[in-house]
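Start at 1 and go down the list; that is how both ligands and their atoms are numbered.
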Amino acid sequence: MASSVDHHHKLHFVLFPLMQQGHMIPMIDMARLFAERNIIVTIVTTPANSLRFKKVVDRSVESGLCIRLLILPFPSANTGLPEGCENIDALPSPEWAFKFLKATTSLQESFEKSFLDLEPVPSCIISDMAFPWTAEIADKLKIPRISFYGTSCFYQLCSHNILQSKILESTASLSDPFIVPGLPDQIKVTKAILPRTLYPTSDDLIDFCDQIRKAELTAYGVVVNSFQELETVYEEEYQQAKFGKVWCVGPVSLCNREILDKAERGNKTIIDENQCLKWLDSRDPGSVVYACFGSLCALTSSEMIELALGLEASKCPFVWKVGYWLHKEEFEERNKDRGLVIKGWAPQVLILSHRSIGGFLTHCGWNSVMEGVCAGVLLIAWPTGAEQFFNEKLIVQVLGIGVKVGADDILASDTKLVHKEKVLGSAKNKGDVEKAVKKLMEEGKEGEERRRKVRDFGKKANRAMEEGGSSHNNLTLLIQNIMQYQANMGLPCQVQKTA
Ligand SMILES: O=c1ccn([C@@H]2O[C@H](COP(=O)(O)OP(=O)(O)O[C@H]3O[C@H](CO)[C@@H](O)[C@H](O)[C@H]3O)[C@@H](O)[C@H]2O)c(=O)[nH]1
């Protein structure tokens, strides 16, 4: 598949994800999608992060794709971050995240310098919304910058409408429910469950969020890891809000379809994949619940205990990925016939696509939601922070492909820390987990309808990525858009047809 076209006339996309697995994994997948269209792709990252993806990138290169890494030293001097910490998952606790984001701004200078040496001249930058300073570089070099949030059109539209309407100014308390303005559904939230980027509470953070918003105003467009058939009217309205420059190109995890069994996405898996598959093979189709809370695992130890005991009480077979292990009442020993505990990085996509998985207990990180939907697996929602409460609304209320654990949340776990207020929300307990798992796995009309819907979305997700599918077409449109931009700027450009 190697190209014989003169490199100087080829499109060259520079992808710069935030150093956090939930952002890096989809961007690396996206790199593959672009490279498969014969585009030269440069992924920008730091030394420790490049090692995590070396195997994935090497595999792509071996198959003839042109993906390169641009490795910039992580600016650790004077940042106050622990030595060697280059990824959000390496921070001592979530409260360090903002310090980390501030440190990344010091990448600007080395990025700009290295950018000028890139060959051929880059045709566009696709950078994380957390890097607003990349907009300055794009502007200076007259290169379009496309931003990547890592979240859904649904959340991005909610966020856009909340900010535009200034509804937060007339909402007094943290726990006062309000309806997100201008949406087709009645989405009720509180200030307290908003991500900090929507409701910043310190001067530093307010300033940073202002920079993000300014950068978004000048962005050429937005690329989204989602597909139109899932988000329908939300995608359309978000398009309108962004003047038609939104490209849904996902679910991007499906680019690994053929190499799934060997895929190492994000980190080396802690468990032997064959052992995991053997365990899953021994279970009935659709009978197992997989529980995983993403790459950062935001549960407290007491929440973890409730989760473990709830899984046990549900009597349902389970695979549970735990970030760190709790020696609670010999839980693992007691459940050895029914449960597989994975104490480290799990091969999530591989597990989800196994026919024995019937439900996914998730914190509702957007990648997990997408991966669950691709596999046609029902979701059990336990959001813990960031935009996950919105994802829960989409899954449970709008799409009807999942159930939630416990009652509605009023205060999110990370806002507890920010606002230092008493927790008004409902803490989730063992009984809530048990009830949610049983509800999801139950037969009956309601359960059947949910299952039918999610399987249907799973099929549509796969179709969207195939030739002629919506996401496949959107990728083509995005590429054509950049070619048109090049032509308008008087730059020659050519993309060789993929083999
Ligand atoms: O043991 C594990 C744990 C995670 N994953 C993968 O890691 C990614 C996790 O992403 P996500 O589910 O989105 O969770 P977070 O890591 O928590 O992601 C952050 O980034 C997302 C994208 O912006 C947001 O939606 C979330 O709220 C935010 O917490 C997914 O691809 C998983 O398949 C594994 O493969 N194995």
Side-chain angles (χ1 to χ4, degrees), residues 17-30 52-53 56 87-91 94 97 100-101 128-131 147-156 158-159 193-198 222-226 250-256 260 263-271 273 276 290-299 319-325 340-353 357 360-375 377 379 381-395 412-414:
L18 174 67
M19 297 79 147
Q20 198 241 297
Q21 298 309 75
H23 290 233
M24 294 193 77
I25 292 173
M27 272 265 210
I28 305 286
D29 286 343
M30 223 181 273
R52 296 188 187 207
F53 288 98
V56 181
N87 190 300
I88 289 188
D89 68 6
L91 294 173
F100 183 88
L101 287 181
D128 211 283
M129 62 92 181
F131 297 154
S147 67
F148 175 66
Y149 284 68
T151 56
S152 60
C153 291
F154 172 78
Y155 168 66
Q156 284 165 220
C158 287
S159 150
I193 63 158
L194 302 181
R196 292 184 212 182
T197 41
L198 258 186
V222 186
V223 65
V224 186
N225 176 20
S226 188
V252 295
S253 64
L254 289 174
C255 77
N256 298 297
L260 201 58
E264 237 182 60
R265 306 183 73 239
N267 279 326
K268 191 162 172 35
T269 54
I270 196 87
I271 187 169
E273 284 166 15
C276 188
Y290 167 62
C292 178
F293 281 68
S295 63
L296 302 171
C297 193
L299 292 189
V319 178
W320 178 29
K321 178 247 145 100
V322 276
Y324 54 95
W325 176 236
L340 178 67
V341 178
I342 303 179
K343 298 167 220 168
W345 195 254
Q348 175 158 308
V349 174
L350 183 76
I351 294 174
L352 283 173
S353 41
I357 300 293
F360 179 13
L361 174 49
T362 168
H363 71 316
C364 304
W366 186 244
N367 297 292
S368 292
V369 172
M370 277 287 99
E371 291 160 12
V373 166
C374 287
V377 166
L379 303 166
W382 181 339
T384 59
E387 91 302 2
Q388 297 150 15
F389 294 88
F390 287 83
N391 298 341
E392 179 227 271
K393 306 262 174 220
L394 177 68
I395 296 163
S413 33
D414 62 346

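Distances shorter than 4.0 angstrom occur between a heavy atom of Y149 and an atom of ligand 1. Under a 4.0 Å heavy-atom criterion, Q21 is not in contact with ligand 1.
We find the CZ-CD distance between F53 and Q21 to be 4.5 Å, quoted to the nearest 0.5 Å. The structure places CD of E273 at 4.5 Å from OG1 of T269, a figure rounded to the nearest 0.5 Å. A distance of 9.5 Å separates CG of L352 from SG of C374, quoted to the nearest 0.5 Å. Separation of atoms CD (Q348) and OG1 (T362) is listed at 7.0 Å; rounding is to 0.5 Å.
Protein heavy atom in closest approach to atom 9 (C) of ligand 1: S295 N, 4.0 Å. Atom 34 (C) of ligand 1 has as its closest protein heavy atom W345 CZ2, 3.2 Å. Annotation: atom 28 (C) of ligand 1 to nearest protein heavy atom, Q388 NE2, 4.0 Å. Atom 8 (C) of ligand 1 has I25 CD1, 3.8 Å as its closest protein atom, hydrogens excluded (heavy atom only). In terms of protein heavy-atom proximity, atom 22 (C) of ligand 1 is closest to G150 O, 3.2 Å. Of the protein's heavy atoms, E387 OE2, 2.5 Å lies nearest to atom 25 (O) of ligand 1. What sits closest to atom 33 (O) of ligand 1 on the protein, heavy atoms only, is E371 OE1, 2.6 Å. Protein heavy atom in closest approach to atom 14 (O) of ligand 1: H363 NE2, 3.1 Å.
The shortest side-chain heavy-atom distance between S226 and M370 falls under the 4.5 Å cut-off. Counting only heavy atoms from C-beta outward, the side chains of N87 and R52 approach each other to under 4.5 Å. Using a 4.5 Å cut-off on side-chain heavy atoms (C-beta onward), M19 and I88 make no contact. In this structure, F293 and S368 have side chains that are not in contact, with every pair of non-hydrogen atoms separated by 4.5 Å or more. Contact of the L18 side chain with the F148 side chain is not registered, since no non-hydrogen atoms from C-beta on lie closer than 4.5 Å. Looking at Q20 and H23, their side chains come closer than 4.5 Å, going by heavy atoms from C-beta outward.
The distance from ligand 1 to the heavy atoms of G22 drops below 4.0 Å at these ligand atoms: 10 (O), 16 (O), 18 (O), 20 (O), 22 (C). Close approach of ligand 1 to K321 (heavy-atom distance below 4.0 Å) involves ligand atoms 1 (O), 2 (C), 3 (C). Close contacts between ligand 1 and W366 involve ligand atoms 13 (O), 24 (C), 25 (O) [criterion: under 4.0 Å to a heavy atom]. In summary, the atoms of ligand 1 found under 4.0 Å from a heavy atom of A386, numbered by their order in the structure, are 27 (O).
For A346, heavy-atom contacts with ligand 1 shorter than 4.0 Å involve the backbone as well as the side chain. Under 4.0 angstrom from ligand 1, the non-hydrogen atoms of N367 come from both its backbone and its side chain.
Close N/O approach between S368 and ligand 1 is found [any backbone or side-chain N/O within under 3.5 Å].
Ring geometry for Y155 versus F390: interplanar angle over 60°, hence perpendicular rather than tilted (30 to 60°).
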